[in-house]
Structure formats: C-alpha cells, structure tokens
2 protein chains.
Amino acid sequence: MQTLRRSKVRDQATEQIKHYIVERKLGPGDRLPTETQLAETLGISRLSLREATKSLEFLGIVKSKTGVGLTVGRIDMERVTEHLGFHAGLLDVDPHQLIDSRVILETGVLPYVVRRMADDPTIETRLREIVGQFESARDLKTFIALDIQFHRSLLEASGLQPLVAFGDLLHVFFQRFRESVKQAAWKAGVESHRRLVDFLAKGRIDDATAELRKHIESHKERI
Amino acid sequence: MQTLRRSKVRDQATEQIKHYIVERKLGPGDRLPTETQLAETLGISRLSLREATKSLEFLGIVKSKTGVGLTVGRIDMERVTEHLGFHAGLLDVDPHQLIDSRVILETGVLPYVVRRMADDPTIETRLREIVGQFESARDLKTFIALDIQFHRSLLEASGLQPLVAFGDLLHVFFQRFRESVKQAAWKAGVESHRRLVDFLAKGRIDDATAELRKHIESHKERI
DNA sequence: GGGATTCAATTGTCAGATGATCTATCGACT
DNA sequence: AGTCGATAGATCATCTGACAATTGAATCCC
C-alpha cells in the first residue's frame with residue numbers, strides 16, 4: 001500500500017507552507033498569500049489551513065495580523081524556551097538539580113559580566129540600583145521580585161540572550177520554594193548581592209564566583 | 001504607550017491548557033478532557049480551542065488521536081529541529097552568543113561529570129563508546145548525529161536534567177552551522193573528544209575545560 | 001469462549017456567516 | 001496646498017452547525 005496512514009490535511013498544509021517559503025526564498029517580513037487564497041491553492045478548507053498557520057505561528061515561523069495578512073516571521077529562542085517547560089526533563093525536577101543548574105548558569109556567566117562591565121558602566125549602576133532597592137523592601141513579595149530582577153540583570157549583563165531566556169525558565173520552576181525564605185535570610189541575601197557586585201566591579205572573578213555559589217546554594221538548606 | 005491589544009482567545013486557551021497540565025501534574029500519556037469539554041470549560045468555541053491544541057500539538061506538548069482524544073505528549077526536540085531548522089534565515093540568534101552559551105553550559109558541567117564518573121563507571125564507557133563510533137563515521141550526517149549524541153551524553157553525565165533540556169534546545173539552533181563543518185575538522189573533532197574523555201577520567205578538570213572550550217569555540221572560525 | 005459486528009465517543013474536515021482591525025484612499029476644512 | 005478625519009475594502013478572528021473518519025469497547029452470534 002502506498003500510505004499506511006493518511007497524512008492529515010493540516011500536516012500536509014504546514015509542509016506546503018514551509019515549502020512555499022523556502023522555494024521562494026522568503027525572509028522575515030515578506031508577505032504570504034491570504035488565508036483564502038492559500039486554502040484555495042492547496043485545495044483545502046480555510047479552517048484546516050488556519051490550523052496549519054496557527055501551528056506555524058506558535059513557533060513564530062509565520063505571523064498573522066488582523067487586517068493585514070500573513071507574513072513570514074522570525075524565530076527567537078525566547079519563544080521556544082517559553083514552551084520548553086514541558087520538556088520531560090523539566091516537568092518534574094529535583095530541587096537540588098535546579099539549584100545546581102542555576103549555579104552553573106550564573107557563575108559561568110560572571111567572566112563575561114566582568115568583561116562587559118569594564119566597557120559599559122551602566123551595568124554596574126543597574127545592579128547597584130537593584131541592591132539599593134532591597135533596603136526599602138518591606139514584604140516578601142517585593143523581596144522576591146527584586147531577587148529575580150537582580151539575577152536576571154546579572155544574566156543580561158553577560159549579553160548572552162539564550163542564557164537569559166533559560167534563566168527565566170528556571171526561575172519559573174524555582175518560584176515554589178523561593179517563598180519559604182525566612183526574614184532572617186533576606187538581610188544575608190542583600191549583603192551577598194552587594195558583595196557580589198563589589199567583587200565584579202573589581203574584576204575579582206574567583207571571589208565573585210564563590211560568593212554567588214554560596215548565595216544560590218543557601219537555598220539547599222530550605223528543602 | 002502600551003498597546004492595549006486584547007489577547008486572542010486562542011492564545012489564552014493555549015496558556016490555560018498548559019496551566020491545566022502543570023497544575024494537575026500530568027505527564028506524558030495522561031488523558032486530557034475532550035475538545036468539547038475543554039471548549040465548554042474555557043467558554044470558547046470548539047474551533048478556537050482546536051487552533052490552540054493544534055499549536056500545542058505542533059511541539060508535541062499534546063497529542064491527539066482520532067476516536068481516542070487528547071493526551072499529554074513529550075516534547076521531541078528532533079521534531080522541533082525539523083521545523084525550526086528548515087530555513088536558517090528565520091532564526092534570529094547571534095551565532096557568537098550561541099557558542100558562548102554552549103561553552104558556559106558544557107564546561108560548567110564538567111566538575112559534576114568528574115564527580116559522578118568516579119562513582120559510576122558506565123559513564124566513561126558510554127562516552128568512549130560514542131568516541132569509538134566516530135571512527136566508522138563515513139558521511140557528514142552520521143558525524144553530526146554522533147557529535148550531538150556525545151555532547152548530550154556529556155550533559156546527561158552531570159545528572160542535571162534541566163541543563164540537558166536546555167542543551168537540546170541549543171543544539172536545535174546550532175544545527176545550521178554544524179552542517180558547514182569540513183571533513184578536515186572531523187578528525188580534529190574526534191581527537192578532541194577523545195582527549196576530553198581522557199582528561200575527565202583522570203579528574204583533570206582544568207585541562208578538560210580548556211579542551212572543551214577550544215573544541216566548541218572552533219565553530220567561531222566558520223561564521 | 002472467541003471472533004465478528006455494531007455502536008457510541010471523539011477527533012477531522014468542511015461550509016457559511018458575522019465581527020474586529022488594519023490600510024489606503026478620498027474628501028472636507030483650514 | 002496641506003492636514004486631519006471618515007469611509008470603504010481587505011483580511012484575520014471567532015462562532016454555529018453539520019457530517020465524515022477513526023477508534024475502542026460493548027454486543028451479538030456461533
């Protein structure tokens with residue numbers, strides 16, 4: 001037999017659309033035919049075509065705007081990371097692994113941060129600004145928000161977008177046991193952040209690494 | 001000014017479905033409500049709900065079978081690669097950032113690998129097995145497959161699932177310039193892999209780190 | 001009891017219609 | 001003449017309703 005299982009109309013459509021894009025060497029921003037036209041060309045209903053385009057849109061391969069039409073999109077890692085949370089390895093993660101992963105990610109980034117801090121003084125300003133805001137934090141909620149902001153800024157300071165995206169994802173899973181931080185730990189955390197920035201500003205990578213590692217691993221005591 | 005655009009029904013639906021899965025801690029294979037039920041619960045038409053599920057299905061987050069219903073799926077990175085890698089022009093990630101990210105990720109993992117290698121001898125066996133298979137690789141395709149396999153095994157050897165997941169994602173975006181590897185580079189790559197395993201087996205983390213960094217950064221010459 | 005059949009449940013596909021939103025053109029007013 | 005606003009057309013967004021295709025289990029027949 002030719003086809004064991006008949007390929008679904010929708011899946012054929014997605015392939016056809018991708019083929020259309022490649023064949024005509026279309027790039028981000030280029031126009032695609034309208035839904036009606038595409039459906040007619042492929043000989044399927046507009047609905048099936050929509051299911052196809054919506055799938056492609058999910059990853060950013062195409063973009064659709066009301067009143068405008070379909071255009072070729074640009075895929076960025078952030079979008080994919082956003083949905084990656086369902087990767088089998090992440091659905092049910094051991095907190096220890098989560099912590100270790102964060103240590104690797106954030107300490108690994110420090111050499112890059114130091115390098116970029118030397119060129120761009122706004123990075124240090126930004127980090128110190130957040131540290132300063134810690135002082136006026138009164139409740140757990142704002143404290144957590146600031147903590148996330150600080151660590152995100154740290155990753156951003158490396159200039160490595162993929163790691164920022166991944167860091168965001170880790171934070172989502174980290175959230176649940178962040179809330180168990182005791183008031184006593186705040187103060188220590190604030191001091192730790194401040195020392196970290198100091199080390200970075202002086203280019204003392206090893207000290208900064210040790211400080212950051214200790215800071216993140218302190219979460220292990222609360223598991 | 002903040003563009004106040006109403007979030008589309010479909011996008012809300014995808015979020016709701018993901019939320020549903022996470023909230024109930026559903027894993028691959030678990031059943032979801034039927035389309036009709038879901039649509040009713042969310043207060044939207046079955047059609048809009050379908051566009052949502054089809055999007056999720058595109059990444060493998062959910063699976064649907066005629067006559068059976070919806071089940072939770074397992075994200076298949078190969079599938080993601082297949083869709084994402086079809087047109088390099090659509091990918092918007094700075095290659096340098098990609099390489100640097102990989103360096104941080106994989107070198108950061110090495111101390112953990114060494115530690116676990118000491119306890120579990122199968123790890124070294126596994127890595128050497130892949131290195132051995134490189135010898136018999138005849139075409140670019142199998143070479144690439146082995147390279148991916150090696151680096152994935154390396155991450156797995158750390159025991160840190162989140163990083164494995166992230167590594168998978170990076171490989172998706174890395175794919176495109178893997179294909180530009182010249183035959184001459186194969187041999188060097190194989191040797192580098194072998195040296196890396198040797199260093200790891202001896203617990204020489206610094207040497208291993210340097211070797212791995214050099215290996216990954218060699219891609220920079222081909223940009 | 002075992003195999004074939006029927007049937008209910010569920011997804012797959014279609015057609016048609018209406019609302020929402022964007023672009024562009026045209027016209028009025030200064 | 002130039003600017004602003006309104007109108008119209010194009011296009012996507014969403015809904016309703018219906019029927020076909022597929023699956024899995026209950027049922028029936030021997």
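Chain A is the first sequence line, chain B the second, and so forth, proteins listed ahead of strands; every chain is numbered from 1.
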message = D/dT11, OP1 or OP2 - any side-chain N/O from A/Thr36 closer than 4.0 Å?
response =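 So the side chain of A/Thr36 is outside the cut-off, no N or O lying under 4.0 Å from OP1 or OP2 of D/dT11.
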ask   = Under 3.5 Å, is there a donor-acceptor pair between the B/Thr142 and B/Asp139 side chains?
value =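 Short answer, yes.
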request  = Apply salt bridge (Lys or Arg N to Asp or Glu O under 4.0 Å) to B/Glu106 and list each qualifying residue two or more places apart in sequence or on a separate chain.
outcome  =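 Counting only residues at least two positions away or on another chain, B/Glu106 forms a salt bridge (Lys or Arg N to Asp or Glu O under 4.0 Å) with B/Arg102.
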ask   = Mind checking what makes salt bridge (Lys or Arg N to Asp or Glu O under 4.0 Å) contact with A/Glu217, not counting sequence neighbours?
value = A/Arg213
Without decimals, in angstroms, what is the distance between [X] [atom1] and [N] [atom2]?
X: A/Lys63; N: D/dA13; atom1: NZ; atom2: P; answer: 13 Å
X: A/Glu40; N: D/dA10; atom1: CD; atom2: C1'; answer: 15 Å
X: A/Asp11; N: D/dA21; atom1: CG; atom2: C1'; answer: 15 Å
X: B/Ile44; N: D/dC15; atom1: CD1; atom2: C1'; answer: 11 Å

key: DNA chain D contacts made by residues 46-62 of chain B, counting heavy atoms under 4.0 Å   = B/Arg46, B/Leu47, B/Ser48
ask   = Which pairs, with at least one residue in residues 140-151 of chain B and sequence neighbours excluded, count as a salt bridge (Lys or Arg N to Asp or Glu O under 4.0 Å)?
value =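 Listed by first then second residue: B/Asp147-B/Arg178.
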Once side-chain hydrogen bond (donor to acceptor under 3.5 Å, both in side chains) is applied, what residue pairs with a partner in [range] remain, sequence neighbours excluded?
range: residues 116-137 of chain A; value: A/Asp120-A/Thr122, A/Glu124-A/Arg128, A/Arg126-A/Ser153, A/Arg128-A/Asp198, A/Glu135-A/Arg194
range: residues 83-94 of chain B; value: A/Lys18-B/His83
range: residues 58-68 of chain A; value: A/Lys54-A/Ser64, A/Glu57-A/Ser64

task = Not counting sequence neighbours, which residues clear ring-ring contact (aromatic ring centres under 6.0 Å, His included) with B/Phe143? List them please.
result =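 Only B/Phe134, B/Trp186 meet the ring-ring contact (aromatic ring centres under 6.0 Å, His included) criterion with B/Phe143.
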key: Proximity to the side chain of A/Ser45 - top-ranked nucleotide from D/dT14, D/dC12, C/dT13   =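 So the nucleotide nearest the side chain must be C/dT13.
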Under 3.5 Å, which N/O atoms of the protein pair with N/O atoms of nucleotides 6-10 of chain C?
unit_1: C/dT10; atom_1: O2; unit_2: B/Gly67; atom_2: N; d: 3.3

